[in-house]
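Labels below follow one simple rule: chain letters A, B, ... track the order of the sequence lines, proteins then strands, and each chain is numbered from 1. Hydrogens, waters and symmetry mates are skipped; everything else that's a heavy atom, side chains included, is used.
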Protein chains: 2
Amino acid sequence: MIIRRNTIQKDLVRNAVYEMKRHVTANEVYEFIKEAYPTIGKGTVYRNLDILVEEGALRKVEVPDGPNRFDFTLKNHYHVRCVKCGEVSDVDMDEIPNLLERIHDTHGIEYLDYDISFKGICSKCRKEEKNE
Amino acid sequence: MIIRRNTIQKDLVRNAVYEMKRHVTANEVYEFIKEAYPTIGKGTVYRNLDILVEEGALRKVEVPDGPNRFDFTLKNHYHVRCVKCGEVSDVDMDEIPNLLERIHDTHGIEYLDYDISFKGICSKCRKEEKNE
DNA sequence: GTTACTGCAAACAATTTGCACCATA
DNA sequence: TATGGTGCAAATTGTTTGCAGTAAC
């Protein structure tokens, strides 16, 4: 088993996600860190994001039709993606209880996790729509 | 407004998705059609898949961390993706009633649609796991 | 002193696009 | 014959990877 080392870059990635607003893309994290530490590589950002997700420090929000996003919220929650501008925000909804128990026949599949992703038009884009 | 024309390629794409097993990727459709019609272009397959989705003939299944898939089922349903092999199959579960009404505060967002995507390990991969 | 990690660039996968030619209406 | 569609290749986007050098332990 590999023994992980603590590196400056790993700290920078973790802190960047904590400091920035939530739902940041790997590229946004990269650009943010580059301000203070210009030599950081994009590959390093991707690698450390994955490691931090694996370690449970961050959560990966897999967005269909768009780059993956990362946040630091521990509690499970759902996301909306604006179909106009791509912005992702949290959905103000309680978790659906016992969702996995609602499956009638698993067909031998071992269910691990689920995610609900919403689509919508954010208030900013709705306003812009009206002005057209 | 653009008036769509009926083309051989569009028919080939629609028929391919109908004939193949469900949840096919654009590339699988392309390879399938190429057997009988070798000159078809990948761009044409992508373009026609989008048009057919727009027309309601097909449904796009947006899979996080994997290529989009297409099927022809009209009724809304949910999908599982095997984290080992990437295979996508249907989940045997009823739709959650009034899901959009469970949202406490929309924050001005106009909610259009939602999708539940499950993760799991399919029976084939579970068997392979045991043999290791 | 090992060996995991970095930075960089190249590779990769999925998809979109520009454009000259083709074919439907 | 007007113009939407095709095929092809190049471009784009998001992400992964190979490798020589660097640094954490």
Side-chain angles (χ1 to χ4, degrees), chain A residues 1-17 23-55 57-58 60-70 81 83 85-88 117, chain B residues 1-17 23-55 57-58 60-70 81 83 85-88 117:
Chain A
M1 189 216 161
I2 26 131
I3 292 145
R4 295 231 181 280
R5 292 176 184 178
N6 293 318
T7 65
I8 295 159
Q9 291 85 347
K10 186 174 170 185
D11 271 351
L12 287 168
V13 169
R14 185 191 356 246
N15 291 339
V17 180
H23 312 121
V24 288
T25 64
N27 198 55
E28 285 165 355
V29 173
Y30 169 68
E31 295 291 344
F32 181 88
I33 296 173
K34 230 176 32 169
E35 294 291 303
Y37 196 92
T39 59
I40 196 156
K42 209 175 259 198
T44 302
V45 172
Y46 274 98
R47 269 185 295 242
N48 278 308
L49 284 169
D50 280 347
I51 290 167
L52 289 162
V53 168
E54 202 185 291
E55 291 177 358
L58 301 180
K60 187 187 233 175
V61 183
E62 291 170 333
V63 182
D65 267 0
N68 287 323
R69 284 154 190 278
F70 298 85
R81 178 171 193 273
V83 294
C85 68
E87 174 131 324
V88 173
S117 56
Chain B
M1 191 218 162
I2 27 128
I3 292 145
R4 295 232 180 279
R5 292 177 184 177
N6 293 320
T7 65
I8 295 158
Q9 291 86 347
K10 187 175 171 184
D11 271 351
L12 286 168
V13 170
R14 185 189 358 243
N15 291 339
V17 179
H23 312 120
V24 287
T25 64
N27 197 55
E28 284 165 357
V29 174
Y30 168 69
E31 294 292 343
F32 182 87
I33 296 172
K34 231 178 30 170
E35 293 292 301
Y37 197 90
T39 59
I40 196 157
K42 208 174 260 199
T44 303
V45 172
Y46 274 97
R47 269 184 294 241
N48 278 307
L49 284 170
D50 280 347
I51 290 167
L52 289 162
V53 168
E54 201 184 291
E55 291 178 358
L58 301 180
K60 187 188 234 175
V61 183
E62 292 171 332
V63 182
D65 267 359
N68 287 324
R69 285 153 189 280
F70 298 86
R81 178 171 193 273
V83 294
C85 69
E87 174 130 324
V88 173
S117 56

Practice prompt. Looking at every strand, decide which applies to Tyr30(B) at a 4.0 Å heavy-atom threshold: base, sugar-phosphate, or nothing.
Written response: nothing
Worksheet item: For dA23(D), does OP1 or OP2 lie under 4.0 Å from any side-chain N or O of Gln9(A)?
Response: no
Worksheet item: Closest approach of Asn68(A) and Glu62(A), non-hydrogen atoms and distance?
Response: OD1-CA, 3.4 Å
Response to the item:
Comparing Ile51(B) with Ala26(A), nearest DNA chain D nucleotide closer to 5' gives the residue Ile51(B)
Worksheet entry | Phosphate-side-chain proximity, Tyr46(A) and dT16(D), N/O vs OP1/OP2 below 4.0 Å | no
Discussion item. Less than 4.0 angstrom between a side-chain N/O of Arg47(A) and OP1 or OP2 of dC5(C), yes or no?
Written reply: no
Practice prompt. Identify whether any heavy atom of Asn27(B) sits under 4.0 Å from a base atom; if not, whether one sits that close to sugar-phosphate; answer base, sugar-phosphate or nothing.
Written response: nothing
Fill in: Distance test, side-chain N/O of Asn68(B) to OP1/OP2 of dA14(C), below 4.0 Å
no
Worksheet item: Is there side-chain contact between Val29(A) and Phe32(A), with at least one heavy-atom pair below 4.5 Å?
Response: no
Item to complete: Using only side-chain N and O atoms of Thr39(B), determine if any of them is under 4.0 Å from OP1 or OP2 of dG7(D).
Response: yes
Practice prompt. Tell me whether the OP1 or OP2 atom of dA25(C) has a side-chain N or O from Asn6(B) closer than 4.0 Å.
Written response: yes
Discussion item. Check this one for me: any side-chain N or O of Arg5(B) less than 4.0 Å away from OP1 or OP2 of dA23(C)?
Written reply: no
Worksheet item: Under 4.0 Å: is that the gap between some side-chain N or O of Thr7(B) and OP1 or OP2 of dG4(D)?
Response: no
Item to complete: Starting at atom CD1 of Ile8(B), determine the distance to atom C1' of dA25(C), rounded to an integer number of angstrom.
Response: 14 Å
Worksheet item: What is the distance from atom CZ of Phe70(B) to atom CG of Leu49(B), rounded to the nearest 0.5 Å?
Response: 4.5 Å
Worksheet item: With a 4.0 Å cut-off, would you call Lys60(A) and Asp65(B) a salt bridge?
Response: yes
Worksheet entry | Residue whose closest nucleotide on DNA chain D lies nearer the 5' end, Thr25(A) versus Ile2(B) | Ile2(B)
